[in-house]
Amino acid sequence: MKRLTEKEIIEKLRAIDLRPLELNGRAVEPYLPFGDLGSKYRPDALIDITWKTKTFQFATEIKIVSTPKLIDEAIWQLTYYLESFKNRRSEESFYPLIVAPYLNDSLLADLTAREISGIDLSGNIALVVPDELLFSRNGRPNKYPSGDPIKNVYRWSSSVVARVFLSKPEYATVGEVHHEIISRGGKTSMGTVSKVLKTMEDDLFISRSSGTIRIIDAKGLLSKLAENYRAKGSRRTRIKVADPEKFLQGLTRNCDRNGILFAIDKPQQYTVCPTVGELTKIYLENIDKGLEDIEFEDTDRFANVEILETAEPSYYFDRRFVDGTYYTSALQTYLDLMNGGKREHEVAQQLADRILGEIA
């Protein structure tokens with residue numbers, strides 16, 4: 001979907017239903033009567049909102065996209081501007097408000113905690129006037145999804161750009177980030193790396209300053225990857241093997257000979273985890289070639305190996321070669337555990353502590 005302009009956002013805001021609140025009087029005005037207080041910055045609009053018989057005036061920043069970085073900039077601008085205005089001892093009171101096509105629940109909660117109001121065109125709202133008004137309505141879906149070429153940089157193949165910062169936290173150039181990804185088995189272009197880095201910077205997961213690109217919110221990035229993770233495969237099968245060690249030797253040999261990738265998902269490689277009754281999960285690019293001339297029973301009954309056939313490169317990114325075979329990275333294992341139930345989540349937390357501790 002094409003991004004709205006500030007003018008279009010203002011026009012749509014005029015028609016939005018905020019009941020039981022009401023946009024009235026000046027409603028939306030592109031000019032603030034009290035000038036710029038010696039600064040080149042001035043808010044985008046002045047909005048009057050009425051609750052019962054009380055009208056509140058909001059100095060407003062319009063954002064065509066609501067990335068955390070842009071929202072932070074808007075908060076700083078409005079706060080500084082209104083502090084300057086307040087110091088003039090005017091009888092009028094203005095409160096900060098941010099308007100965007102969409103503000104998710106997390107952003108609205110953050111705004112509320114900082115006593116900043118927010119309204120989006122999707123019907124979500126958080127109005128805060130200290131000691132006078134607190135009104136919120138959230139959970140409504142995004143009516144204005146981004147039209148960017150990479151719709152979700154934290155999922156599938158493009159996610160390797162974010163993942164590499166949880167292995168090595170700092171780089172000198174975009175080219176160095178790209179080289180690190182390739183060296184760990186990733187497949188992506190310099191163009192994709194640049195686009196993903198821009199999004200990560202806007203989302204305040206990385207910073208670029210003094211000639212470095214470094215992670216600044218590892219815990220938040222780890223949560224973002226888990227939130228967006230989805231299993232992806234073309235075929236899934238369960239089998240029973242009599243000799244697991246011999247089976248893995250044969251699988252490794254077939255994959256090397258046919259030039260295909262595989263990785264075993266084994267949480268015990270990285271953290272304490274029960275093994276009794278657990279299936280050995282394996283990601284494999286081609287099941288037929290990988291299992292050539294290997295003895296196994298294709299059955300769900302007492303199966304001890306589960307294979308997901310997938311060409312998705314992120315599964316194999318940064319895989320580890322241990323004792324003659326390949327295992328998924330600690331990060332991939334964590335994401336798989338977070339895709340499971342309560343017990344898996346408990347193990348995942350231990351693994352998260354390890355991942356974050358190693359890059360602290």
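Just so we're clear, the structure is a prediction, and the values are computed from it rather than from any experiment. Just so you know, these numbers use all the heavy atoms, side chains as well, and skip hydrogens, waters and symmetry mates.
- Leu21 is not connected to Val128 by any chain of hydrophobic side-chain contacts under 4.5 Å among Ile, Leu, Val, Met, Phe, Trp and Tyr, and they are in different clusters.
- For the side-chain contact (heavy atoms from CB on, under 4.5 Å) with Thr280, the lone residue among Asn304, Ile264, Val241 that qualifies is Ile264.
- When all heavy atoms of Ala74 and Lys63 are compared, the pair lying nearest together is CB-CE, 3.6 Å.
- Among all heavy-atom pairs drawn from Arg19 and Asp17, the shortest one is NH2-OD2, 2.9 Å.
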(request) Evaluate the criterion side chain to side chain contact (heavy atoms under 4.5 Å, CB included) for residue pair Lys143 and Lys12; output intermediate values, then yes/no. (result) CA-CA 12 Å; Lys143 294 181 180 179; Lys12 288 182 178 294; over 6 Å; no
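- Every residue two or more places apart in sequence or in another chain that forms a side chain to side chain donor-acceptor pair (under 3.5 Å) with Asp353 is listed here: Gln349.
- Note on Val164: it does not cluster hydrophobically with Ile216, by side-chain heavy-atom contacts below 4.5 Å among ILVMFWY residues.
- Of all the heavy atoms in Glu115 and Pro130, the pair that sits closest is OE1-CG, 3.6 Å.
- Atom-to-atom distance recorded for Leu337:CG and Cys273:SG is 6.5 Å, nearest 0.5 angstrom.
- Under the 4.5 Å side-chain contact rule for hydrophobic residues, Ile49 and Leu134 do not share a cluster.
- Of the N and O atoms on the side chains of Thr50 and Glu22, not one donor lies less than 3.5 Å from an acceptor on the other residue.
- Once rounded to the nearest 0.5 Å, the distance linking CG of Asn339 with NE2 of His345 reads 7.5 Å.
- Put simply, the residue from Tyr327, Trp156, Tyr283 that forms a ring pair (Phe, Tyr, Trp, His ring centres under 6.0 Å) with Tyr315 is Tyr283.
- Neither Leu197 nor Ile182 shares a network with the other; the hydrophobic side chains, linked directly or stepwise wherever heavy atoms of I, L, V, M, F, W or Y lie under 4.5 Å apart, form separate groups for each.
- The distance from atom CD of Glu344 to atom CE of Met338, rounded to the nearest 0.5 Å, is 11.0 Å.
- Checked by atom type, the side-chain pair Thr328/Asp336 shows no donor-acceptor distance below 3.5 Å.
- Here the closest non-hydrogen pair linking Ile359 and Ala218 is CD1-CB, 3.5 Å.
- No hydrogens or angles considered: a donor-acceptor pair under 3.5 Å links the side chains of Gln332 and Arg163.
- Thr192 and Ser158 form no side-chain donor-acceptor contact under 3.5 Å, judged by distance and modelled atom types alone.
- Using modelled atom types, no side-chain atom of Glu358 and backbone atom of Ser167 make a donor-acceptor pair closer than 3.5 Å.
- Nearest heavy atoms, Ile16 versus Leu121: CD1-CA, 3.9 Å.
- In this structure, the separation between CZ on Phe58 and CG on Leu23 is 10.0 Å, given to the nearest 0.5 Å.
- To the nearest 0.5 Å, atom CG of residue Leu108 and atom CG of residue Asn124 are 6.0 Å apart.
- Relative orientation of the Tyr326 and Phe262 rings is perpendicular, given thresholds of 30° and 60° on the angle between their planes.
- Put simply, CG on Leu335 and OG on Ser159 are 8.0 Å apart, with the number rounded to the nearest 0.5 Å.
- Criterion: ILVMFWY side-chain heavy atoms under 4.5 Å apart, direct or through other members. Under it, Leu261 and Ile181 are part of a common hydrophobic cluster.
- Under the 3.5 Å distance criterion, with hydrogens and angles disregarded, a donor-acceptor pair is assigned to the side chains of Thr333 and Asp265.
- When all heavy atoms of Ala162 and Leu225 are compared, the pair lying nearest together is CB-CD2, 4.1 Å.
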Side-chain donor-acceptor distances from residues 99-107 under 3.5 Å, at least two apart:
from, atom 1, to, atom 2, distance (Å)
Asn104, OD1, Ser106, N, 3.1
Asn104, OD1, Leu107, N, 2.7
Asp105, OD1, Gly139, N, 3.2

